[in-house]
Amino acid sequence: MQNISLIPHGMFFSKKGSFSYAKLKDCLMGSIGIVYISRKKGKIRIFDTFDWRLYKKGFILYEVNHSVVFRHISSGKETVYDAENTVSELPRDLLKCIKDTEFLNTLSSILFPRALLVIADLSLDARLYRLENTDEKTIAYLEAERGRPDKNSSVLVSINPLRGYETHLKAVKHCLSDLGFSLFTKNKTLSFIEFLRLTPPGLESRNAPVLKPDMTVKQAVAYIVSEFIKEMQKNEFGIKEDIDIEFLHDFRIAVRKIRSVVSLVKGAFAADDQTMIQHDFKVIGSKTRDLRDLDVCLFREKEYNNLIPENLRTALLPFFNSLRERREKCCKELVFYLAQNSYKESIGKWQEIFSTADVPSLKDGKNSSDPIIETAVKVVKKRYDHLAALNREMTENTPDQVLHAVRIDCKKLRYSLEFFESLFKPKTVKKINSRLKILQDLLGNFNDSSVQINTLEKYLAALDSEAEDSLQQAAAVGGIITRLEERKEELRERFLIVYQDLIGGKISDLFPEIGGF
Amino acid sequence: MAVISLYSMKGGVGKTSCGVNLAYLASRDIGPTLLCDLDPQGSSSFYFRIRSEPNFSAKKFLKGGKSLEKNIKATDFENLDLIPSTLSFRTIDIKLGNQKHSRSGLRRLFEPLEKEYKMIFIDCPPNITLESENIFLASNMILVPIIPTVLSLVSLEKLRTFFDNKGLKKKKIYLFLSMADRRKKLHRENIEKIPEYYKRTLNTIIPYTSLIEKMGIQRKPVVVSNPRSAAALAFEKLWKEILQILNN
């Protein structure tokens, strides 16, 4: 059994279905022989941050055959490190086996402040063949691979010609083409990622639940809630291990979406049950707020430093150190909360309740038996109308509170589109959501800037004027506040353009395609 | 990069079989290795089942650069490539004669390959010409197989005289006894005498064995097809001896 590699050498061909050694042999009619050599089997684990920072910088990092491989995508250049003695499953522990400090520095500068996560586990199974000419001289190796995560059972065939025989493979290429294989012509690593169907994160909504058009309102809402409870639970490990701040973020989004779906789709459950759901998840959400605010602030440490002159940067250290201390405390408190019986019982109860499609333990609301397909259209239209109504108030001088309200409305519209994405035309929803996401990101940054200004102002107010470096600290914090205020104004201007496009431009024309407009 | 040529002006002394086996062992032990089959007979190419491209010629070979590189072919063994022979190589001598630097043409040709290969073996044609002189200048080591017979010693003497006349370094020449058959009295006597006569005679003796002759049927190095045979073990020993000399 030979070792497996992530990216086979040579040319790639693929097709849906399987590779038939016998069919290729028949097609070649003896002009080129094909001889089975061996089977290759193995597991490959691919790492990156949740937002694929390595990939975006042109690298791919993976573990195979007890080695860690760092590959440059465009050149194919690889650096291999021995990971024989790694015991832990955590990616950060895997890197401990690497002693090359230059590599580790490069890696951490790309990753910072994100953590390395496992983004795919692949079990590979390939068969290796030798292609030989009439002198029985090997001219190339052919590898037919199965077992990729692609369950549509595509098969990947790679041909690695031996030096000097690159032009001797015309017959093989013709035969593969006749057998339905098509050649990848792009960069090898990118082609491979495409074949693996590992989609780098883009504008697509994460974890959109798939609803059936014949579901009732109660069934659909219950299904959505149950999916987001699972999402919460999936992220608990990452929060407890404090691997990456994104775990808490995703956890919070799941909590928020549970509350949102129950509130947006009125009458799915009886009023008292609805209140109980809202209450329980509000409590959970509130336990995470402080930590998230600190995460956001600390996440921008590098950015903040770049906002002020170099000689003032050291004066910011006490500020960030105080945040780090508070964060550590908040993180411990949250981990403690998640381990407590009150949380476990609460989440366990709701998990149990929503585990059945019809949710018999919750009383029906006034709209429980309505078809979800009709309600979905009504909900989206209502949210869109509400957002459009705010248009009248939008000027360059719109106060922060109104922009905050627009942000909440955008979020509600986006969530409602995501909840019911599977019931609408996916392409239309994607187009609208991509624009909504831009709008929401702008407003999110606007809101974050406001929160951070607030935090900085509080710190400034509490600053001991007698302290040794209080003047430098005040200058540094004041400098950031000024730059954040300037940024808010820039964001406000950009927001108006995107918002007008959504409400009155091309994007607004897409809403009628959803129906009910 | 080291260049080792397998040379004898006499044919049938075991140059090719030795070159094929040593090149394989070098590729196995030290990495990328190139075997250059300069004998128009093309026996090394035949052993590795490699044919040259129809348009490959002595002219393209001597042009070097891309013309040469694209005609290098991989053998079935990792890290071992080959420049296949073509009948056109019989004209290398004439073409070298027409070149400006007629004695150092081959050395210049191999220089760019230094980046890619750790070792180059040259399987030489059995003659003593301008091409041979080029090979001697390009090589770090000239390995001369000697069958323990009178005629082999005569050819060796002629080679030494040639080196003297041309001002070449005789220190590059290393002998080893090849196709030695201890059943023959003459072989036994010469096995004793030759190392006394020529001090750079390697200790390893390659025995006469049918397995080496069968390489033409197997078409792979004997160290691969019959790694435990006496012939294979002798080639392994010879390789270790060579490596030691190069390292020193």
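The sequence lines fix the lettering, A, B, ..., with proteins before strands; numbering per chain opens at 1.
- Of all residues in residues 49-59 of chain B, those placing a non-hydrogen atom less than 4.5 angstrom from a non-hydrogen atom of chain A are B:Arg49, B:Ile50, B:Arg51, B:Glu53.
- Residues of residues 62-90 of chain B that come within less than 4.5 angstrom of chain A, heavy atom to heavy atom, are B:Glu69, B:Ile72, B:Lys73, B:Ala74, B:Thr75, B:Asp76, B:Asp81 in numerical order.
- Heavy atoms of A:Glu132 lying under 4.5 Å from chain B are absent altogether.
- Around NZ of B:Lys220, the count of heavy atoms belonging to other residues, nucleotides or ligands within 6.0 Å does not exceed 12.
- With a 6.0 Å radius and a threshold of 12 heavy atoms from other residues, nucleotides or ligands, A:Lys25 has its NZ atom at or below the threshold.
- Applying the salt bridge (charged side-chain N to carboxylate O under 4.0 Å, His left out) test to pairs two or more places apart or on separate chains, those with a residue in residues 104-124 of chain B are A:Arg163-B:Glu116.
- Using a 4.5 Å cut-off between non-hydrogen atoms, no part of residues 34-47 of chain B approaches chain A.
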